[in-house]
Amino acid sequence: MTMTQEFDDAMRELAQGGGPVLEALAKQSEGALQNSGIDPRTALLVRMSALVAMDAAPASYLIHLGIADRGGVKAETIEAMLIELAPLVGSARIVSAAGKINQALRELSAP
């Protein structure tokens, strides 16, 4: 297998919510939550708000939803975050984020 094929495979895994790159990003994100100086729940919601504002990919949500799930953040809290963000980022970003969050949640619950 060539380096190009290996890189393509790694990027495909990342886009599909898996692989060593996603695992490294998840570890990095979780560590940053512990070192930010604010409580982890607030830090997580700030990060997820930034993902919405940037129109991030589903794999980016996947990392943070996994952390949120382990931290006991409820779906209602994420929904409330989207409602609060709507006047700032607009309906198109909220609808996009909702779809990507839903896709990431399906990835999390897949066997």
Side-chain angles (χ1 to χ4, degrees):
M1 184 179 290
T2 68
M3 185 186 320
T4 301
Q5 290 169 324
E6 289 176 7
F7 183 76
D8 285 347
D9 289 347
M11 293 303 102
R12 192 173 7 280
E13 282 182 326
L14 176 60
Q16 294 171 345
V21 174
L22 188 69
E23 289 174 23
L25 290 171
K27 287 179 186 175
Q28 178 185 15
S29 291
E30 197 157 12
L33 287 175
Q34 297 167 1
N35 296 320
S36 67
I38 58 176
D39 68 277
R41 185 174 184 270
T42 301
L44 180 65
L45 292 172
V46 168
R47 285 169 163 254
M48 290 189 66
S49 295
L51 294 177
V52 172
M54 295 185 308
D55 200 23
S60 295
Y61 287 102
L62 183 64
I63 293 168
H64 292 84
L65 289 168
I67 297 169
D69 187 45
R70 289 190 301 280
V73 175
K74 305 223 181 285
E76 296 84 16
T77 302
I78 295 170
E79 182 179 42
M81 175 198 69
L82 293 173
I83 291 168
E84 286 297 323
L85 287 173
L88 299 170
V89 300
S91 61
R93 284 282 163 96
I94 296 301
V95 171
S96 177
K100 292 172 180 179
I101 289 169
N102 190 36
Q103 183 179 344
L105 287 170
R106 284 193 309 270
E107 291 286 333
L108 279 175
S109 63

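These numbers come from the heavy atoms of this one structure, side chains and all, not from hydrogens, waters or symmetry mates. Keep in mind it's a predicted model, so treat the numbers as computed, not measured.
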Legend entry - same_hphob_cluster(Met54, Leu82) at 4.5 Å side-chain heavy-atom cutoff: yes

Legend entry - Value rounded to 0.5 Å, distance of CD1 in Ile101 from CZ in Arg106: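 Output value for this atom pair is 12.0 Å.
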
Legend entry - From Leu85 atom CG to Ser91 atom OG, the distance as rounded to the nearest 0.5 Å: 13.0 Å

Any side-chain heavy-atom pair from [X] and [Y] closer than 4.5 angstrom?
X	Y	result
Glu79	Ile83	yes
Thr77	Arg41	yes
Tyr61	Val52	yes

Legend entry - Partner residues of Asp55 under the salt bridge (charged side-chain N to carboxylate O under 4.0 Å, His left out) criterion, sequence neighbours left out: Lys100

Inset, instruction - Please name the pair of heavy atoms, one in Pro58 and one in Ala104, separated by the smallest distance, quoted to 0.1 Å. - result: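 Minimum heavy-atom contact is O-CB, 3.6 Å.
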
Legend entry - Heavy-atom pair with the smallest gap, counting every atom of Ile94 and Ala86: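 Here Ile94 and Ala86 meet closest at CG1-CA, 3.7 Å.
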
Legend entry - Side-chain donor/acceptor of Ser96 to backbone N/O of Ala92, under 3.5 Å: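 No, Ser96 side chain to Ala92 backbone: no donor-acceptor pair under 3.5 Å.
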
